[in-house]
Amino acid sequence: MSSSEVTQGFCCRECQEIVADDGHLQTQLSRESGKLVSDKKGLHVYLRKMLHRRRSTIPNSLSSHEKSALDTIRNWETIKGKRALLCGVTYDKQKYKLKGTNYDVIKMRELLMFRFKFPSASIHILAEMESHLYPTKRNIQEALRWLVKDNQHGDSLVFYFSGHGLRQPDFFDDELDGFDETICPLDFRTEGMIIDNEINDTIVRPLKKGVKLHAMIDACHSGTILDLPHVYSTKERRWIDNKPPSGVYKGTNGGHAISISACEDNQLAADTSAFSDTGKQMEGAMTYTFRKALLNNSKATYASLLASMQNDILAAKKKCFSLRGLFHRERVQVRFDY
């Protein structure tokens with residue numbers, strides 16, 4: 001590959017390979033380092049352009065349909081107390097399509113409504129399903145702003161994402177491992193990904209005292225997707241400092257932020273039918289074990305939640321179910337108001 005060529009790829013949770021834009025397997029992923037094997041100079045130039053992509057959209061560049069979608073999100077009511085944003089991206093009609101994300105979103109909505117008593121009107125979904133707005137980059141960005149808009153003491157906020165995740169080189173010394181984590185909207189090939197720095201700025205930094213945010217991210221490379229200052233290691237049973245080398249503040253404005261991810265930053269997550277009664281329904285392994293743990297234990301703690309999720313995954317593996325790509329070292333990140 002010449003220095004002028006750049007392969008933009010993404011990680012498929014089912015095949016565990018990097019798939020190029022044209023659908024051919026041109027780039028591979030190092031499972032140990034999680035690094036994209038590509039031309040460094042070309043990749044550097046491409047990613048710098050993507051990182052500096054203007055956040056504000058040019059009105060004339062939007063279609064009437066896109067403008068209507070953004071206006072709809074801006075007009076969502078900011079219900080006090082409990083509200084949630086659920087995003088499921090299937091990447092329909094693409095070779096890297098995911099089969100379980102719509103089901104994940106539906107089941108997460110049921111969990112919030114029946115287990116945690118979230119009002120139906122306080123839950124908004126972005127998904128490739130009839131009657132829902134699509135999870136495009138602009139729609140997700142606007143919806144994240146809605147989630148934390150006018151947050152106040154006593155609010156309980158939820159952000160859930162099921163889809164592809166990637167990582168890219170960090171050029172601003174914000175990451176201990178040298179990589180930014182990302183989530184991939186429906187249109188990420190043309191509009192770019194949403195990186196952890198932006199997610200932190202949008203839904204973590206604004207959290208006021210007395211406000212709690214829970215983020216559940218069922219995607220590859222999602223371990224530190226919210227860039228929170230502390231990470232809990234289930235293996236070492238202790239909190240690990242995750243503050244950026246640059247010294248940039250990544251905490252809240254007094255509130256609490258908790259992130260539960262499908263895997264570590266250099267690992268891959270999985271869609272699987274292993275937990276389906278029929279053996280046919282695909283769903284995110286993290287999402288299923290998360291829901292089951294909470295439905296079976298009304299007094300679950302974060303520690304018991306993770307233990308239950310790990311036990312279910314290990315039990316499924318012992319039964320020889322296909323959990324290709326699934327890693328059983330979930331992480332919890334928590335920001336406390338000291």
- The salt bridge (Lys or Arg N to Asp or Glu O under 4.0 Å) partners of Asp92 (sequence neighbours excluded) come to Lys97
- Message: Enumerate the side chain to side chain donor-acceptor pair (under 3.5 Å) contacts for residues 107-123, please, sequence neighbours excluded, ordered by first and then second residue.
- Response: Lys107-Glu110, Arg109-Ser120
- Note on the structure: The side chain to side chain donor-acceptor pair (under 3.5 Å) partners of His214 (sequence neighbours excluded) come to Tyr302
- Message: So, using side chain to side chain donor-acceptor pair (under 3.5 Å) as the criterion, who are the partners of Asp71 when residues are at least two apart?
- Response: Arg74
- Contacts of Ala143 that satisfy side-chain contact (heavy atoms from CB on, under 4.5 Å) - sequence neighbours left out: Ile73, Trp76, Leu85, Leu126
- Task: Over all heavy atoms of both residues, which pair between Ile203 and Leu144 is shortest? Give the atoms and the distance, please.
- Result: CG2-O, 3.6 Å
- Does the pair Lys250/Asp227 count as a salt bridge with the N-to-O cut at 4.0 Å? yes
- Just checking, any donor-acceptor pair under 3.5 angstrom between side chains of Ser246 and Asp173? no
- Note on the structure: Contacts of Ser156 meeting side chain to side chain donor-acceptor pair (under 3.5 Å) (sequence neighbours excluded), chain-then-number -> none
- Task: Using only heavy-atom distances, determine whether the side chains of Ser308 and Asn311 contain a donor-acceptor pair under 3.5 Å.
- Result: no
- All side chain to side chain donor-acceptor pair (under 3.5 Å) counterparts of Arg238, not counting sequence neighbours: Glu236
- Message: Check this for me, if you would: do Asp187 and Arg138 make a salt bridge, where the nitrogen-to-carboxylate-oxygen distance has to be below 4.0 angstrom?
- Response: no
Would you give me the side-chain donor-acceptor pairs under 3.5 Å for residues 147-154, sequence neighbours excluded?
from: Asn151; atom 1: OD1; to: Lys208; atom 2: N; distance (Å): 3.0
from: Asn151; atom 1: ND2; to: Val148; atom 2: O; distance (Å): 2.8
from: Asn151; atom 1: ND2; to: Pro206; atom 2: O; distance (Å): 3.2

- Task: Taking salt bridge (Lys or Arg N to Asp or Glu O under 4.0 Å) as the test, write out the residues that go with Lys212, two or more places apart.
- Result: none
- Can you list the steps and then say if Thr287 with Tyr160 is a side chain to side chain donor-acceptor pair (under 3.5 Å)? CA-CA 10 Å; Thr287 301; Tyr160 172 80; 2.6 Å; yes
- Message: Holding to ring-ring contact (aromatic ring centres under 6.0 Å, His included), I want the full list of residues that pass it with Tyr288, two or more places apart in sequence or in another chain.
- Response: Phe275
- Item | Sequence-distant partners of Lys80, salt bridge (Lys or Arg N to Asp or Glu O under 4.0 Å), two or more places apart | none
- Note on the structure: Sequence neighbours excluded, the answer for side-chain contact (heavy atoms from CB on, under 4.5 Å) partners of Ser68 is Thr72
